[in-house]
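Written out below as structure tokens is the structure these notes cover.
Hydrogens, waters and symmetry mates are skipped; everything else that's a heavy atom, side chains included, is used. Quick caveat, the model's predicted, so the values are computed rather than measured. Order of listing sets the numbers, starting from 1, for every ligand and every atom in it.
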Amino acid sequence: MQNFDYMTPTRLIFGENAIEKLHDVMTAFGKRVLLTYGGGSIKKIGLYDRVKEILTDFEITELPGIQPNPKYDPSVLEGVRLCKENDIEVILSVGGGSVLDCSKAIAAGAKYDGDPWDLITYKVKAQAALPIVDILTLAATGSEYDCGGVISRTETNDKIGYVDPLLFPAVSFLDPRYTFSVSKKQTAAGCADAMNHTIEQYFCEDSTLLNDGFCESMLRSLMFNTRKCLADPEDYTARAEMMLCCTYGCNGILSLGNSDSGWPCHAIEHALSAYYDITHGEGLAIITPRWMLHILSDRTIDRFVKYGVNVFGLDPTLPKQEIAEKAINETYFFFESIGIPMHLHKLGIGPERIDEMAHHIAVNEGLENAYVPLTEEDIKKILTDSL
Ligand code: NZQ
Ligand code: ZN
């Protein structure tokens with residue numbers, strides 16, 4: 001087991017009517033609030049009106065229109081400008097992972113005098129950030145319980161994971177009812193994202209029985225509950241368990257003491273989203289089984305056998321190679337069964353820019369240190385196999 005130094009300072013307020021505590025929670029941070037949200041889903045489900053009603057005695061400045069794969073320009077820049085102009089004391093993010101990620105970058109940018117891109121690219125280390133409170137409306141990223149945010153810069157095809165302990169949300173409100181309206185497409189993509197977060201931590205050199213058990217249980221729960229959410233979007237119990245699974249997915253708790261895996265599928269997918277603005281979870285679902293097949297070898301086969309037996313209930317007496325290949329197929333068929341288009345060409349991505357993307361990933365993502373190191377040629381092969 002590896003050494004670690006770990007803390008997640010975020011307070012989780014989970015369950016039906018959790019929002020009743022919003023006024024008290026916000027009061028502790030100040031009266032001047034930047035309310036961030038996306039393209040309108042929170043208005044459709046009545047959450048926007050409810051928040052405004054609860055916070056009538058607060059001074060609220062709004063930043064609407066944050067897009068999926070949130071953009072540095074205009075959203076982060078505009079948010080930072082609004083914080084500075086209005087002397088904002090706390091950010092309230094209401095929406096999915098994109099709104100929250102954007103809010104994290106704004107929180108750091110608001111306390112920095114220079115170009116916020118300096119912080120996101122780690123040219124300068126942030127010294128402070130505004131506190132963030134969020135009301136999550138989509139189960140997927142785990143951003144509500146981690147200190148990372150992923151920001152895209154369209155003109156340079158960059159999509160950068162910006163991680164800093166200053167960016168943990170202070171408080172996350174998790175009411176599963178707010179996810180009832182999430183479309184089938186986004187429900188499936190959210191499941192694929194959380195499953196991949198788990199898989200990225202499970203496939204590593206050095207892990208423990210404890211962490212393997214957490215991960216296997218997460219994967220089984222995500223598959224079971226996602227099917228239920230798709231069959232009945234208002235199944236509270238299924239939405240609730242899916243939400244909590246997703247919350248656990250990305251803050252490292254599943255891999256304390258494990259060796260680092262390098263998160264290769266994320267490194268590859270972030271380039272796909274950066275170049276083609278696709279839905280993150282869909283890109284991951286497509287890449288994952290191709291990456292698995294690519295790294296299957298004598299060295300990795302035991303991990304695949306364990307995965308196949310404990311996650312998919314495969315027969316442990318079968319030959320190892322057969323179990324491993326079946327496990328990879330099961331992964332593919334599960335994603336397909338929840339409606340994810342399992343080829344890049346179905347998302348409008350052809351072979352044209354694969355060389356360029358593979359180069360971009362190889363140069364920027366450091367996959368030579370991944371669980372199974374990936375060269376530019378390996379990345380090209382995985383992308384090509386995903387077409
Ligand atoms: O914009 P609105 O109108 O709110 O609609 C959103 C958006 O179109 C909609 N939606 C959200 N809640 C809804 C809803 N629709 C109906 N009912 C609701 N209750 O769903 C669409 C997608 O939203 P988005 O926030 O983009 O999805 P998600 O939460 O999956 O976030 C994806 C982003 O997070 C990043 C991804 O790369 C991507 O940019 N990630 C962040 C991570 C982190 N911070 O730790 C880790 C992840 O690996 C990931 O990279
Ligand atoms: Zn992800």
Note: Ser181, heavy atoms under 4.0 Å from ligand 1, region reported as both
So for Phe180 against ligand 1, with non-hydrogen atoms under 4.0 Å, the contacting part is neither
Short version for Pro68: what comes under 4.0 Å of ligand 1, heavy atoms counted, is both
- Does Asp193 have a heavy atom less than 4.0 Å from any atom of ligand 1? yes
Checklist entry - So is Ser183 in contact with ligand 1, going by heavy-atom distances below 4.0 Å? => result no
- Query: Considering distance alone, does some N or O of Lys104 sit under 3.5 Å from an N or O of ligand 1?
  - Reply: no
**Request:** Just say parallel, tilted or perpendicular for the rings of Trp291 and Phe203, cut-offs at 30° and 60°.
**Result:** perpendicular
In this structure, CD of Glu78 is separated from SG of Cys102 (nearest 0.5 Å) by 10.5 Å
Worksheet item: For Lys159, is the nearest heavy atom under 4.0 Å from an atom of ligand 1?
Response: yes
| request: Please verify whether a non-hydrogen atom of Gly40 lies at under 4.0 Å from ligand 1. | output: yes
### Task
Say whether Gly95 and ligand 1 are in contact under the criterion: heavy-atom distance to a ligand atom below 4.0 Å.
no
Exercise. Quick one: does Lys44 get within less than 4.0 Å of ligand 1, heavy atoms only?
Worked result: no
Applying ring-ring contact (aromatic ring centres under 6.0 Å, His included) to His266 and not counting sequence neighbours gives His197, Trp263, His270, His280
Going by chain and number, the hydrophobic cluster around Leu138 (ILVMFWY, side chain to side chain under 4.5 Å) further includes Val182
Looking at ligand 1, does Gly281 have a heavy atom less than 4.0 Å from it?
no
| task | Salt-bridge test for Asp212 and Arg303: reply yes if a basic N is under 4.0 Å from a carboxylate O, no otherwise. | result | yes
Residue set satisfying salt bridge (Lys or Arg N to Asp or Glu O under 4.0 Å) with Lys185, at least two apart, ordered chain then number -> Glu282
Near the Zn ion (ligand 2), meaning under 2.8 Å, the protein N/O/S atoms are Asp193 OD1, His197 NE2, His266 NE2, His280 NE2
